[in-house]
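Within every chain, numbering begins at 1; the chains are lettered A, B, ... in the order of the sequence lines, protein sequences first and strands thereafter.
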Amino acid sequence: MLRSGLARSGIAVVGVVGVAVLIFFITRLLPGDPARVAAGQYATDAQVEQLRRQYGLDQPVLVQFGRYMVDFFRLDLGTSIRTGQPVTDELLTRLPATVELGLLALLIAVVLGVGLGVLAAVHRHRVVDKIIQLLVVFASAAAVFWIALLAIYLFVNEWGVFTSPIGRLPRGYAPPDPVTGFYVVDALLAGDLETAGAALRTLLFPAMLLGLHASPSIVKIVRSSTIRALESDYARTSRSFGYPPGSILFHDGLRNALLPVITNIGLVAGFVLAGGNVLIEQLYAWPGIGQYAYDSLQENDLFALRGYVILIGVTYILLNIVLELAYRRADPRVAVAEGR
Amino acid sequence: MTPIDNALRGNVAGRMRPGDSFAYAAFGVLAVLIAMGVVVPLLYGDGDVAMKTQGLLPPSWEHPFGTDRYGRDIFLRSMAAVRIDVTLGFAVALSVLVFGSIVGALSATFGRTVDMVIMRITDVFLAFPAVVLALIITASLGKSAWFAAIAVAIAYTPPMVRLSRSKALEIRSADYVAAGRLSGASTVGLAFRHVLPNAVKYPFVQSTLVASWAILDFAALSFLGVGVQPPTPEWGSMIAEGVGDILLGSWWPSFFPGSMILLSAASFQIIGDWLDRRLR
């Protein structure tokens, strides 16, 4: 166990360094010119040259790479061209908003995914299953920004179910004292139920969309693994013993079917944190790292964008290590199979 | 599922199987979409006649999808966009398929160091959601449709390499490959003559899904402003142009391009799922 733990942290370190190297390659070695990009379309050559000197882009690539890696290990992701602030600080102040949204979205995705997946498996090859499968296809084939836009139009403008998406709280509410950075939790800690309710309502809308968008892969996995479990020999044995279907579904079906979901959560979480997030945060004016990435993109701030992408990659690798450990705890067969 | 189960459900060879009707519908939708994308712009132009008609007209007989704020016909623009978006889906899927399966097969056939290096490289790529990778690549190369297309293709190649490699590994241990090796075939020869043709089925199925994801991600990049630049008609950038209008009550400038994305991406996915069941 100790040895495998060391091996895993070794793999994690290699992965994290790999992420940093890959992003350097992409931003510096591809034929694009960051100084030219940053200076904008109408800059003169002198302005571009000045930017290049200011950010050390006139140095040899190897020197730049060395500096970049040293900074990376000191958790310094460089300076934003747009704001002049350290990218690391800017990302960290915005992280709680993204994590709050991401966690609720992940919860919604898992509940929705497991629920629909099991429902489809129980009614496999029948109408309910067909409908769920069609829903899955449409949920994964719809552009998330399009669905979000239509949802804002319907739920806010037409029906008035949710307030305008203008950030983490509706107009007229003051943000609670920061403790965790999660508005709902902070408001509860401060004993302000009204603000907590308003924050939760505001949070729920983008989280629902992000959750819906992330659920299809979970539905697919849960459906196929539940079907496999329900058609297994052990489930048939339970059936022949006369156990009720509900008991068979929970003990033979679900408990075995949920294992692959743990691995899949890593993918889905990466997706929720990053994939759909830039688009959703921008549409909902949600002040998280996704919106930061969007703003940096619009202002051609490659350094800030680079910091965002590195944060996503590193988070994803660390998350997968944690999930792998969770998987070992949940399924002892993994450790046995690896001979440890 | 045993053969008897299959027979009981009517899945006898030669008959329609469950899911076939969806797949045929998907083929039909895609064919109609492509045909209209070719024919409609030829007959009626691509709708880029600004100010010819009134802006923001709701859908009607004359303008089935309505007009946008510049008075351009959204139906004509959506059809003209088929040429970019669906072509892109096919092009990305094809290049990912060719490059990914060849590298994967070579990696598996060579084994050892080559394999290890290629796998570590793909590992790093897999730490990013494809759309984020495509975003940073496009942003570094510069905002253009070509760069966005290249970026999407790069982002989906590593998973394809992994898939092709894992299938190729199974085939590499087959007897006919061993026989080829014994009779003195070169490693590259083995990879192309025996491993690749037998392994390519799975990457092929995967590539139809890649087409669907590519359409979605390309539209997302254009929506974010780094892909296709206006006024070129493309679904993602058309949705972006309609953002201001939809919040003021005109839903059609964004709704119809988005439903085109939905139709084409869903078709590719249904076809992919169907091929997956059929070929397995």
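Using a 4.5 Å heavy-atom cutoff, the side chains of A:Leu302 and A:Ile81 are not in contact. Taking 4.5 Å as the limit, some side-chain heavy atom of B:Arg165 sits within range of a side-chain heavy atom of B:Asp115. Between A:Ser80 and A:Phe303, every side-chain heavy-atom pair lies at or beyond the 4.5 Å cut-off. Inter-residue side-chain proximity for A:Asp301 and A:Asp295 is flagged as unmet; no heavy-atom pair is nearer than 4.5 Å.
In this structure, the ring of B:Phe90 has its center less than 6.0 angstrom from the ring center of B:Phe268.
Using a 4.5 Å cut-off between heavy atoms, B:Phe125 contacts chain A through both its backbone and its side chain. Of the atoms belonging to B:Ile121, not a single heavy atom falls under 4.5 Å from chain A. At a 4.5 Å heavy-atom cutoff, the contact between A:Ile23 and chain B is made by side-chain atoms alone. A:Tyr294 touches chain B through its side chain: at least one heavy atom from C-beta onward sits under 4.5 Å away, while N, CA, C and O do not. Proximity to chain B (any heavy atom under 4.5 Å) is restricted, for A:Leu134, to the side chain, taken from C-beta onward. Both the backbone and the side chain of B:Ser259 have a heavy atom closer than 4.5 Å to some heavy atom of chain A. Looking at A:Gln282, the atoms closer than 4.5 Å to chain B (heavy atoms on both sides) all sit in the side chain, from C-beta outward. Within the 4.5 angstrom heavy-atom criterion, atoms from both the backbone and the side chain of A:Ser140 approach chain B.
In this structure, the side-chain contact (heavy atoms from CB on, under 4.5 Å) partners of B:Asp123, at least two apart in sequence or on a different chain, are B:Arg120, B:Arg162. Evaluation of the side-chain contact (heavy atoms from CB on, under 4.5 Å) rule for A:Val14 yields no partner, not counting sequence neighbours. Residues satisfying the side-chain contact (heavy atoms from CB on, under 4.5 Å) test with A:Gln64, not counting sequence neighbours, are A:Phe24, A:Arg28, A:Leu57, A:Gln59.
Judged by distance alone, with hydrogens and angles left aside, the side-chain atoms of A:Asn157 form a donor-acceptor pair with the main-chain N or O of B:Leu247 at under 3.5 Å.
Annotation: residues 249-257 of chain B contacts chain A through B:Gly249, B:Trp251, B:Ser254, B:Phe255 [non-hydrogen atoms, separation under 4.5 Å].
One distance of note links OG1 of B:Thr67 with CZ of B:Phe65; it measures 13.5 Å at 0.5 Å rounding.
By the 30° and 60° cut-offs, the orientation of the rings of A:Phe205 relative to A:Phe162 is parallel.
In terms of non-hydrogen atom pairs under 4.5 Å with chain A, the most contact-rich of B:Ala265, B:Ala127, B:Ala266 is B:Ala127. When the candidates B:Ile246, B:Leu263, B:Ile261 are compared by the number of heavy-atom contacts under 4.5 Å with chain A, B:Ile246 comes out ahead. No other option in A:Leu319, A:Ile317, A:Val156, A:Leu305 has as many heavy-atom pairs under 4.5 Å with chain B as A:Leu305. With respect to chain B, the highest number of heavy-atom pairs below 4.5 Å among A:Ile152, A:Leu297, A:Leu154 belongs to A:Leu297. Listed options B:Ala139, B:Ser264, B:Ala240 were ranked by heavy-atom pairs under 4.5 angstrom with chain A; first place goes to B:Ala139.
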### Task
Could you go through the side chain to side chain contact (heavy atoms under 4.5 Å, CB included) check for A:Asn277 and A:Leu101 one step at a time?
CA-CA 9 Å; A:Asn277 208 275; A:Leu101 175 61; 4.2 Å; yes

